[in-house]
*Asks:* 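Quick one: this structure, given as structure tokens, is what I'll be asking you about.
Atom set for the values below is all heavy atoms of this structure, side chains included, hydrogens, waters and symmetry mates excluded. Letters go in sequence order (proteins before strands), and every chain restarts at 1. Source: prediction; values computed, not measured.
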Amino acid sequence: MSGRPLARRFYARDSRQLAPLLLNKVLVRGTGPDRVEARIVEVEAYAGADDPGSHAFRGPTPRNETMFGPPGHLYVYFTYGMHWCANVVCGQAGTASAVLLRAGSPLVGVDLIRQRRGHRTDRELCAGPARLTQALGITGIDDGTDLVRGTIRILDDGVPPPSRPGRSARIGLREGRGDQHPWRWFVRNDPNLSRTRHP
DNA sequence: CTACCGATATTCT
DNA sequence: GAATATCGGTAGA
């Protein structure tokens with residue numbers, strides 16, 4: 001697999017505009033034998049001060065500092081005491097706009113993904129935000145990575161986003177969910193979507 | 001297949 | 001103390 005890396009200006013739009021455009025793009029980490037690729041099939045948009053579901057809602061902290069930086073970098077955070085989740089920082093610097101990568105379809109390095117994921121069924125390999133980071137080997141040391149120049153990149157390999165993507169409320173939130181914030185987009189009928197549990 | 005529950009570090013009240 | 005942008009194991013239908 002190969003493709004053209006997304007340019008900085010591609011990331012410089014609002015998270016709700018960028019999120020559906022990231023569907024069917026290819027997330028890449030590593031080179032050579034440890035190269036892993038997955039096609040993005042599910043995302044969620046997060047905003048800044050006006051979004052009660054966002055980590056940036058109460059302003060900058062050590063954890064969310066990357067969200068307030070320039071677009072085209074990776075915001076990686078640790079949650080539930082054991083899981084890493086990855087976001088694409090977008091918009092203008094200071095707006096804290098970001099897109100959470102929630103699920104992918106494995107393309108390259110599937111054997112390595114199976115090792116990292118404990119030899120689960122194929123559809124469980126990248127079906128969830130923490131599963132996706134584990135499959136690609138993304139952890140806190142990747143927080144702040146420049147997606148345009150770094151070892152983690154997002155490629156356009158010519159597959160366009162869906163013309164009519166699935167859309168729903170965001171998952172796993174107490175605040176900022178519901179019909180007022182239908183900011184989850186996904187590739188309809190893809191077998192690698194995350195499980196949708198609504199607490 | 002769905003439902004529940006424990007794990008467990010950081011952030012927030 | 002409580003909550004958290006989650007997951008994997010187990011129990012049951």
Side-chain angles (χ1 to χ4, degrees), chain A residues 14-16 18-20 22-23 27 38 40-69 71 73-91 95-106 113-145 147 152 165-186 189-199:
Chain A
D14 177 80
S15 60
R16 282 146 65 186
L18 178 66
L22 289 177
L23 295 177
L27 179 64
I40 298 167
V41 299
E42 179 181 337
V43 295
E44 283 177 357
Y46 288 84
D50 59 341
D51 179 3
S54 172
H55 286 169
F57 183 58
R58 293 172 183 83
T61 69
R63 175 175 70 167
N64 66 23
E65 179 183 343
T66 303
M67 276 187 86
F68 288 84
H73 291 249
L74 198 67
Y75 165 48
V76 183
Y77 68 89
F78 191 57
T79 192
Y80 288 101
M82 62 190 84
H83 299 303
W84 298 103
C85 295
N87 300 250
V88 174
V89 177
C90 57
T95 60
S97 190
V99 177
L100 173 66
L101 304 177
R102 285 197 55 91
S105 173
I113 291 176
R114 289 199 183 97
Q115 288 180 28
R116 288 169 169 161
R117 292 279 303 125
H119 298 92
R120 305 191 177 277
T121 63
D122 282 355
R123 58 187 247 188
E124 289 178 316
L125 292 178
C126 300
R131 291 167 167 175
L132 182 63
T133 58
Q134 188 179 24
L136 273 81
I138 294 173
T139 69
I141 66 173
D142 298 304
D143 181 43
T145 291
L147 293 168
I152 301 173
R167 191 174 179 185
S168 80
R170 296 178 294 187
I171 294 176
L173 306 184
R174 293 177 70 84
E175 304 291 337
R177 61 179 167 168
D179 294 341
Q180 295 178 351
H181 302 270
W183 296 346
R184 169 180 176 251
W185 286 267
F186 54 94
N189 300 320
D190 192 283
N192 300 280
L193 297 179
S194 71
R195 54 180 173 178
T196 58
R197 288 197 296 178
H198 301 270

*Asks:* Separation of Tyr77(A) atom OH from dC7(C) atom C1', in whole Å?
*Replies:* 13 Å
*Asks:* Would you say Arg120(A) places a side-chain N or O within less than 4.0 Å of OP1 or OP2 belonging to dG8(C)?
*Replies:* yes
*Asks:* For residues 80-88 of chain A, which residues have at least one heavy atom under 4.0 Å from DNA chain B?
*Replies:* Tyr80(A), Gly81(A), Met82(A)
*Asks:* Rounded off to whole Å, could you give me the OH-to-C1' distance for the Tyr75(A) and dT10(B) pair?
*Replies:* 11 Å
*Asks:* To the nearest Å, how far apart are Arg102(A) CZ and dC7(C) C1'?
*Replies:* 12 Å
*Asks:* Is any N or O donor-acceptor pair between the side chain of Arg117(A) and the base of dG8(C) shorter than 3.5 Å?
*Replies:* no
*Asks:* Does dG8(C) have its OP1 or OP2 closer than 4.0 Å to a side-chain nitrogen or oxygen of Arg195(A)?
*Replies:* no
*Asks:* Kindly assign one of parallel, tilted or perpendicular to the pair Tyr75(A) and His55(A), based on the angle between their ring planes and the thresholds 30° and 60°.
*Replies:* perpendicular
*Asks:* Rounding to an integer number of Å, can you tell me how far Leu125(A) CG sits from dC7(C) C1'?
*Replies:* 14 Å
*Asks:* For the residue pair Arg16(A) and Trp185(A), what are the closest heavy atoms and their distance?
*Replies:* O-CH2, 3.8 Å
*Asks:* Scan residues 52-66 of chain A against DNA chain B and write down, sorted by residue number, each residue with any heavy atom closer than 4.0 Å; if none is found, say none.
*Replies:* Arg58(A), Thr61(A), Arg63(A)
*Asks:* Whole Å only: how far is the CZ atom of Arg174(A) from the P atom of dA5(C)?
*Replies:* 10 Å
*Asks:* Please say which of Asn87(A), Ile152(A), Ile138(A), Thr66(A) ends up in a side chain to side chain contact (heavy atoms under 4.5 Å, CB included) with Val76(A).
*Replies:* Ile138(A)
*Asks:* Taking atom P of dT4(C) as reference, at what distance in whole Å does atom CZ of Phe78(A) sit?
*Replies:* 17 Å
*Asks:* How long is the line joining CG of Leu132(A) and C1' of dC7(C), in whole Å?
*Replies:* 14 Å
